[in-house]
Amino acid sequence: MKFPEGFIWGAAAASYQIEGGAKVDGKGDSVWDMMCRQPDRVFGAHSGEDSIDHYHRYVEDILLMKKIGLQAYRFSISWPRVLPEGVGSVNEKGLGFYDRLVDKLLEYNIEPYVTLFHWDFPYDLYCRGGWLNPQSSEWFAEYTEVIVEHLSDRVRCWMTLNEPQIYIGLGMLEGVHAPGDKLGLAEVLQAGHNTLLAHGRAVQVIRAYSKSEPVVGYAPTGTIVMPEDDTDEELVEAARKEMFSIKTKTCWNISWWSDPVTLGMYPEDGLKLYADEMPTINTGDFDIIKQPLDFYGANIYNGWTLGRDIEGNIKPLDRAQGNAICANKWPVTPKALYWGPRYYYERYGLPIVVTENGLSNQDWISLDGCVHDPQRIDFTHRYLIQLSRAGLEIPIKGYFHWSVFDNFEWAEGYKERFGMIYVDYKSQERILKDSAYWYSKVISSNGKNLSAFSEIDNQAYEHLFV
Ligand code: GCO
């Protein structure tokens with residue numbers, strides 16, 4: 001299988017999901033610290049307070065990354081670890097952690113890909129209105145400046161926000177994620193507008209203050225829509241339209257969150273649907289929100305398929321009974337990694353980096369002391385076949401597997417295991433799963449070792465993966 005020269009093979013994680021050390025060295029609380037202290041919010045009353053203690057074990061962890069051969073590591077910075085009140089005084093000890101982390105990564109030749117915000121919003125700023133506060137984008141710019149001033153002599157690659165759909169939608173509308181609010185859609189879209197402004201201001205700050213030539217992206221999520229038949233042009237067009245459409249009064253869509261950032265406007269159908277809930281948009285807002293970007297970071301896990309019924313009408317395809325699903329019940333749909341990047345590129349015109357892709361699996365330690373995860377290997381293999389196919393048509397710069405380690409899966413606590421490295425949360429022992437050894441060979445051969453498998457003809461089973 002072919003991947004371009006210089007393709008980046010990485011894996012990803014996020015601060016609150018792995019760091020632990022929630023109360024050490026002057027860190028301030030985040031909304032997730034707050035959420036985890038409340039009853040009945042997180043599965044099993046689990047919490048990220050200690051998590052996998054990456055804060056103290058990062059050296060060991062980087063050695064494991066090196067063992068796998070990761071070329072890049074996508075991690076996020078905990079805003080309240082660095083600025084305990086969100087703005088104002090800087091916590092040098094917190095900043096020092098990221099200094100050491102970056103230095104160690106570079107020592108082992110692993111490129112840091114830094115996400116500025118992966119959901120651990122400072123609690124103090126939440127008490128001042130959070131993303132609803134009109135000043136919130138300036139708070140984020142202040143925080144970004146601290147980070148960029150400090151790390152950009154060594155960090156080149158940045159992502160501003162991770163999945164605004166989730167922390168705004170699930171966090172403020174549906175109340176499932178922190179801060180756990182259930183606000184009206186108008187307020188939520190206002191918070192959304194402010195977070196888009198935060199993205200824009202952060203890009204401006206990165207470009208203004210970076211000490212090295214920066215590479216800047218954005219990392220939203222989205223459900224991919226795939227045509228059943230690749231050669232049916234009408235279906236290909238219908239799936240594209242469907243993927244970017246806005247049909248429900250929720251935050252679950254792609255274009256509301258990505259059009260402003262890349263095209264400088266909200267999409268027409270959203271403007272119509274949300275007419276009664278529109279945020280206040282000030283003159284010049286879109287000039288702030290739309291900034292030049294170097295890549296579109298796509299978090300892609302799955303999608304659904306558009307097909308045709310007997311009469312030839314276009315309609316969503318039913319999933320086969322007993323289709324392939326992950327432990328968390330997400331469907332396994334490898335073609336999402338072909339159509340997703342392709343449709344994103346066609347609409348937004350930016351090179352694609354797959355910033356997340358992976359699966360939740362029921363891994364445990366076998367009697368032989370190893371962690372066998374054939375599903376993760378097969379899942380990733382299938383998805384990479386499709387990514388390589390996309391790479392023949394559009395610029396794909398890299399792939400980050402979610403995740404390096406098993407970790408705290410937000411409201412699902414530790415019941416989901418997404419890592420290529422198993423973690424025993426009691427002893428904090430780490431064990432490389434079979435998939436980690438497998439991924440290591442994928443990386444060292446730049447995907448070439450996958451070709452033999454991709455020639456296997458298993459068309460007969462394709463219906464189980466839509
Ligand atoms: C997300 C986040 C990650 C998750 C991962 C698995 O997509 O929800 O970016 O933090 O852990 O996606 O759900």
Side-chain angles (χ1 to χ4, degrees), residues 10-20 30-32 35-36 42-43 46-48 51-52 54 73-79 113-121 159-174 176-178 180 195 199 217-224 251-254 257-258 296-303 325-333 336-337 340 344 353-363 373 375-376 379-380 383 399-421 423 425 435:
S15 46
Y16 191 74
Q17 296 182 274
I18 60 166
E19 284 180 1
S30 75
V31 290
W32 270 100
M35 182 95 167
C36 289
V42 177
F43 171 84
H46 296 171
S47 141
S51 188
I52 70 164
H54 180 68
Y73 171 45
R74 175 181 178 224
F75 63 93
S76 74
I77 292 184
S78 161
W79 181 354
Y113 268 67
V114 173
T115 309
L116 288 164
F117 182 68
H118 199 132
W119 309 354
D120 37 3
F121 192 87
M159 279 139 293
T160 53
L161 310 174
N162 184 73
E163 302 188 357
Q165 291 100 332
I166 306 289
Y167 63 85
I168 301 287
L170 274 190
M172 302 180 68
L173 186 68
E174 298 176 38
V176 175
H177 275 204
T195 214
H199 158 84
Y218 175 53
T221 188
T223 302
I224 308 305
C251 296
W252 284 112
N253 70 72
I254 293 170
W257 308 95
S258 288
Y296 187 92
N299 291 354
I300 299 178
Y301 289 87
N302 53 60
I325 52 169
C326 310
N328 60 355
K329 311 289 186 275
W330 291 355
V332 179
T333 60
L337 225 48
Y344 281 137
V353 175
V354 176
T355 36
E356 284 181 28
N357 169 251
L359 92 160
S360 166
N361 197 36
Q362 288 163 345
D363 307 311
D373 58 343
Q375 273 81 0
R376 183 167 288 103
F379 173 102
T380 311
Y383 276 71
Y399 171 85
F400 286 81
H401 191 80
W402 185 275
S403 183
V404 192
F405 315 96
D406 290 339
N407 61 52
F408 177 76
E409 178 60 13
W410 310 112
E412 306 303 327
Y414 296 99
K415 86 165 182 262
E416 310 290 348
R417 289 190 180 269
F418 271 92
M420 282 191 169
I421 300 177
V423 181
Y425 297 112
S435 59

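For ligands, and for the atoms within them, numbers begin at 1 and follow the listed sequence. Nothing here was measured: the structure is a model prediction, and the numbers come from that model.
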Exercise. Can you name the nearest heavy-atom pair linking Gly358 to Tyr301, along with the distance?
Worked result: O-CD2, 3.3 Å

Problem set entry | Protein residue, atom and distance nearest to atom 10 (O) of ligand 1, heavy-atom basis | Gln17 OE1, 2.7 Å

For this session: Please confirm whether Asn162 comes under 4.0 Å of ligand 1, counting heavy atoms of the residue only.
Result: yes

For this session: Would you please indicate yes or no on a ring centroid separation below 6.0 angstrom for Phe408 and Tyr414?
Result: yes

For this session: Would you check if the side chain of Asn357 reaches a backbone N or O of Ile300 as a donor-acceptor pair within less than 3.5 Å?
Result: yes

Exercise. Can you check salt bridge (Lys or Arg N to Asp or Glu O under 4.0 Å) on Arg376 and Asp363, steps first, answer last?
Worked result: CA-CA 10 Å; Arg376 183 167 288 103; Asp363 307 311; 3.0 Å; yes

Exercise. Where does the angle between the aromatic ring planes of Tyr167 and Phe117 fall among parallel (under 30°), tilted (30 to 60°) and perpendicular (over 60°)?
Worked result: perpendicular

Exercise. Under 4.0 Å from any heavy atom of Trp410, which atoms of ligand 1 are there?
Worked result: 3 (C), 4 (C), 10 (O), 11 (O)

Exercise. Can you find an N or O of Asn407 that's nearer than 3.5 Å to an N or O of ligand 1?
Worked result: no

Problem set entry | For atom 12 (O) of ligand 1, the protein heavy atom that lies nearest, with its residue and separation | Tyr301 OH, 2.8 Å

Exercise. If you count the atoms of ligand 1 from 1 in the order shown, which ones are under 4.0 Å from a heavy atom of Trp330?
Worked result: 13 (O)

Exercise. Should the proximity of Glu416 to ligand 1, defined as any heavy atom under 4.0 Å, be assigned to the side chain, the backbone, both, or neither?
Worked result: neither

Problem set entry | Trp119 N/O to ligand 1 N/O under 3.5 Å | no

Seminar exercise, completed: If you scan protein heavy atoms around atom 6 (C) of ligand 1, the nearest is Glu409 OE2, 3.2 Å

Exercise. Considering only protein heavy atoms, which is closest to atom 7 (O) of ligand 1, and at what distance to one decimal place?
Worked result: Glu163 OE2, 2.5 Å

Seminar exercise, completed: Between Met35 and His177 the two heavy atoms that sit nearest each other are CE-C, 3.6 Å

Exercise. Any idea how Tyr383 and Phe379 line up, ring-wise: parallel (<30°), tilted (30 to 60°), or perpendicular (>60°)?
Worked result: parallel

Exercise. Relative to ligand 1, is Asn328 under 4.0 angstrom through side chain, backbone, both or neither, heavy atoms considered?
Worked result: neither

Seminar exercise, completed: When distances are taken from atom 9 (O) of ligand 1, the protein heavy atom at minimum range is Glu356 OE2, 2.7 Å

Exercise. Applying the side-chain contact (heavy atoms from CB on, under 4.5 Å) test to Val353, which of Tyr296, Phe400, Tyr399 qualifies?
Worked result: Phe400

